[in-house]
Amino acid sequence: MTARLLDGKAIAAALIQEIRAEVDARITLGQRIPGLAVILLGHDPASSIYVHNKRLACEKSGVISISHDLPATTSQADLLALIDQLNEDPSVDGILVQAPLPAHIDDETVIERIRPDKDVDGFHPYNIGRLAVRKPTLRSCTPYGVMRLLETTGETLRGKHAVVVGASNHVGRPMLLELLLAGCTVTVCHSATRDLPAQVAQADIVVAAVGRPRMVKGEWIKAGAIVIDIGINRLEDGSLAGDVDFVTACERAAWISPVPGGVGPMTVATLLRNTLEAATRHD
C-alpha cells in the first residue's frame, strides 16, 4: 500500500480563498474588514518565519494584519498592557502572541489576559471549555486544521478509533476533544503510556504531536490507517522531519500528512478562519 498525501498547502490555499470571498462579501455589504493583531517578542528565527507566513496569509485572505514587533526584553507588565489595549480596540478581532515567549514571561498569564472572543489561537480556558462541552466557539488552530484535513479524505470519522500521541494543552488535549466531537473513540498517549506500539497499532487514525523526530515507527501503523503528523523537528543536517517515520508509514497507511506541507499551512488558514468568525460574532 502507498499512502495518499494530505496536501495541506493546497487545502489551506482553498480555505484562504473561501475566507477571501467572505471578506469581500463583507466589504460589499459595507461591513468592517476583520483585523488580526500579531505580537512578536524578540528575533527568534523560527518565530519570525511563522509570523511572516501569517502576515502573508492575511494579505491573501483580505484580513488586516496589525504588527507589534517588540524587543525580547519587553516586560510582562508592558506586554499585558498592550494586550489590554488591543482587547478594547474595536478594529481588532483577533490577538495572537507568538510563542515561544522569553523566559521571564508566563505563558498562561498571557493566554488568559487575551479576551476569549479575541483568542483566535483558541488557547484560552474558556474556549477549550466550550469545546469540551460540545459548544465550540474559537477552536485551537492546529487541531481545527487537522479536522479540516481529515474531512478531505471523504472517510466517515464517526466510530473510528483515534490514537493521539502527545497530551499538551495546546495540541494533544484539544485534539482529543475535536475527535470526540466528530464521534471517534479516542485514546491519548503520553510519557507514562505503556506499550506505545500496541496502542498505535489499534488506531484507525493516528495523530502524532510529541516533538520528537520519527518517534512513531511505520511498522506500528495499522494497514489502511490515516496518519496525521503534527510534529516539525529540525535535524542536525538542517532538514525537517515529523514525529512519524514517514517513509515506512507510507507503506501501511491509506492517508498521511507530510512534513513540511501538511498540518502547518492548515494551522495558519484556520487562524484566519477564527479571525473571520470572531469578526462575525463581534458584528
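- Sorted by first and then second residue, the salt bridge (charged side-chain N to carboxylate O under 4.0 Å, His left out) pairs involving residues 66-78 (not counting sequence neighbours) are Arg55-Asp69.
- By the 4.5 Å heavy-atom criterion applied to side chains, Lys160 and Thr185 are not counted as neighbours.
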Atom pairs and distances, side-chain donor-acceptor, residues 28-35, under 3.5 Å, sequence neighbours left out:
unit_1 : atom_1 : unit_2 : atom_2 : d
Thr28  : OG1    : Asp24  : O      : 3.0
Arg32  : NH1    : Asp93  : OD1    : 3.2
Arg32  : NH1    : Asp93  : OD2    : 2.6
Arg32  : NH2    : Asp93  : OD1    : 2.9

query = Could you go step by step and tell me if Asn87 and Asp84 meet the side chain to side chain contact (heavy atoms under 4.5 Å, CB included) rule?
reply = CA-CA 5 Å; Asn87 277 336; Asp84 290 342; 4.2 Å; yes

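- Arg281 and Glu277 are joined by a salt bridge, as a carboxylate oxygen and a charged side-chain nitrogen come within less than 4.0 angstrom of each other.
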request  = In sequence, state the C-alpha distance, the side-chain angles, and the governing distance for Leu179 and Val164, and then conclude on side chain to side chain contact (heavy atoms under 4.5 Å, CB included).
outcome  = CA-CA 9 Å; Leu179 289 162; Val164 179; 3.6 Å; yes

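- At least one side-chain heavy atom of Leu276 sits less than 4.5 Å from a side-chain heavy atom of Arg26.
- Rounded to the nearest 0.5 Å, atoms CD1 (Ile19) and CD1 (Ile16) are 4.5 Å apart.
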inquiry  = Between Asp229 and Ser257, is the side chain to side chain donor-acceptor pair (under 3.5 Å) condition met? List the steps.
reply    = CA-CA 6 Å; Asp229 194 346; Ser257 67; over 6 Å; no

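- For residues 6-15, there are no salt bridge (charged side-chain N to carboxylate O under 4.0 Å, His left out) pairs, not counting sequence neighbours.
- Residues Thr2 and Glu251 fail the side-chain proximity criterion, which asks for heavy atoms closer than 4.5 Å.
- Counting only heavy atoms from C-beta outward, the side chains of Val206 and Ile228 never approach each other to under 4.5 Å.
- Sorted by first then second residue, the salt bridge (charged side-chain N to carboxylate O under 4.0 Å, His left out) pairs that include residues 164-181, not counting sequence neighbours, are Arg139-Glu178.
- Side-chain contact between Leu82 and Leu70 is present, with at least one heavy-atom pair separated by less than 4.5 Å.
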Side-chain donor-acceptor contacts of residues 208-222 below 3.5 Å, not counting sequence neighbours, with atom names and distances?
unit_1 : atom_1 : unit_2 : atom_2 : d
Lys217 : NZ     : Arg214 : O      : 2.9
Lys222 : NZ     : Asp204 : OD1    : 2.7

Run the side-chain donor-acceptor check on residues 140-147: report pairs under 3.5 Å with partners two or more places apart or on a different chain.
unit_1 : atom_1 : unit_2 : atom_2 : d
Ser140 : OG     : Gly122 : O      : 2.7
Thr142 : OG1    : Thr267 : OG1    : 3.0

request  = Kindly indicate, with the supporting measurements, whether the criterion side chain to side chain contact (heavy atoms under 4.5 Å, CB included) is fulfilled by Arg194 and Gln199.
outcome  = CA-CA 8 Å; Arg194 298 178 181 178; Gln199 296 291 340; over 6 Å; no

task = Decide side chain to side chain donor-acceptor pair (under 3.5 Å) for Thr280 and Asp283; before the verdict, give the C-alpha distance in whole Å, the side-chain angles of both, and the deciding distance to 0.1 Å.
result = CA-CA 5 Å; Thr280 301; Asp283 292 344; 5.5 Å; no

Cut-off 3.5 Å, no hydrogens considered: what does the side-chain donor-acceptor table look like for residues 37-44, sequence neighbours left out?
unit_1 : atom_1 : unit_2 : atom_2 : d
Asp44  : OD2    : Ala46  : N      : 3.4
Asp44  : OD2    : Ser47  : N      : 2.9
Asp44  : OD2    : Ser47  : OG     : 3.1

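- Applying the salt bridge (charged side-chain N to carboxylate O under 4.0 Å, His left out) test to every pair with at least one member in residues 115-128, sequence neighbours left out, gives these pairs: Arg115-Asp117.
- Residues Val163 and Ile205 have side chains not in contact (no heavy-atom distance under 4.5 Å, counting atoms from C-beta outward).
- Listed by first and then second residue, the ring pair (Phe, Tyr, Trp, His ring centres under 6.0 Å) pairs involving residues 150-181 are Phe123-His170 (not counting sequence neighbours).
- Val92 and Leu96 fall within a single hydrophobic cluster, where Ile, Leu, Val, Met, Phe, Trp and Tyr are joined by side-chain heavy atoms under 4.5 Å apart, directly or via other members.
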task = Just do the side chain to side chain contact (heavy atoms under 4.5 Å, CB included) check on Val207 and Val165 with the steps written out, would you?
result = CA-CA 6 Å; Val207 181; Val165 185; over 6 Å; no

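- Considering only heavy atoms from C-beta on, Leu86 comes within 4.5 Å of His68 through its side chain.
- Grouped with Ile128 in one hydrophobic cluster are Leu131, Leu177, Leu181, the linkage being side-chain heavy-atom contacts under 4.5 Å among Ile, Leu, Val, Met, Phe, Trp and Tyr residues.
- Between Leu36 and Ile95, the shortest heavy-atom distance links the atoms CD1-N, 4.4 Å.
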Show me the donor-acceptor pairs, under 3.5 Å and distance only, between side chains in residues 57-66 and residues at least two apart or in other chains.
unit_1 : atom_1 : unit_2 : atom_2 : d
Ser61  : OG     : Ala57  : O      : 3.0
Ser61  : OG     : Cys58  : O      : 3.2

Distance-only check: which donor-acceptor pairs under 3.5 Å involve side-chain atoms of residues 231-239, not counting sequence neighbours?
unit_1 : atom_1 : unit_2 : atom_2 : d
Asn233 : ND2    : Ala241 : O      : 3.0
Asn233 : ND2    : Gly242 : O      : 3.4
Asn233 : ND2    : Asp243 : OD1    : 3.0
Arg234 : NH1    : Gly238 : O      : 2.6
Asp237 : OD1    : Ser239 : N      : 2.9
Asp237 : OD1    : Ser239 : OG     : 2.6
Asp237 : OD2    : Ser239 : OG     : 3.4

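- Across all non-hydrogen atoms, the minimal contact from Pro258 to Leu6 is CD-O, 3.3 Å.
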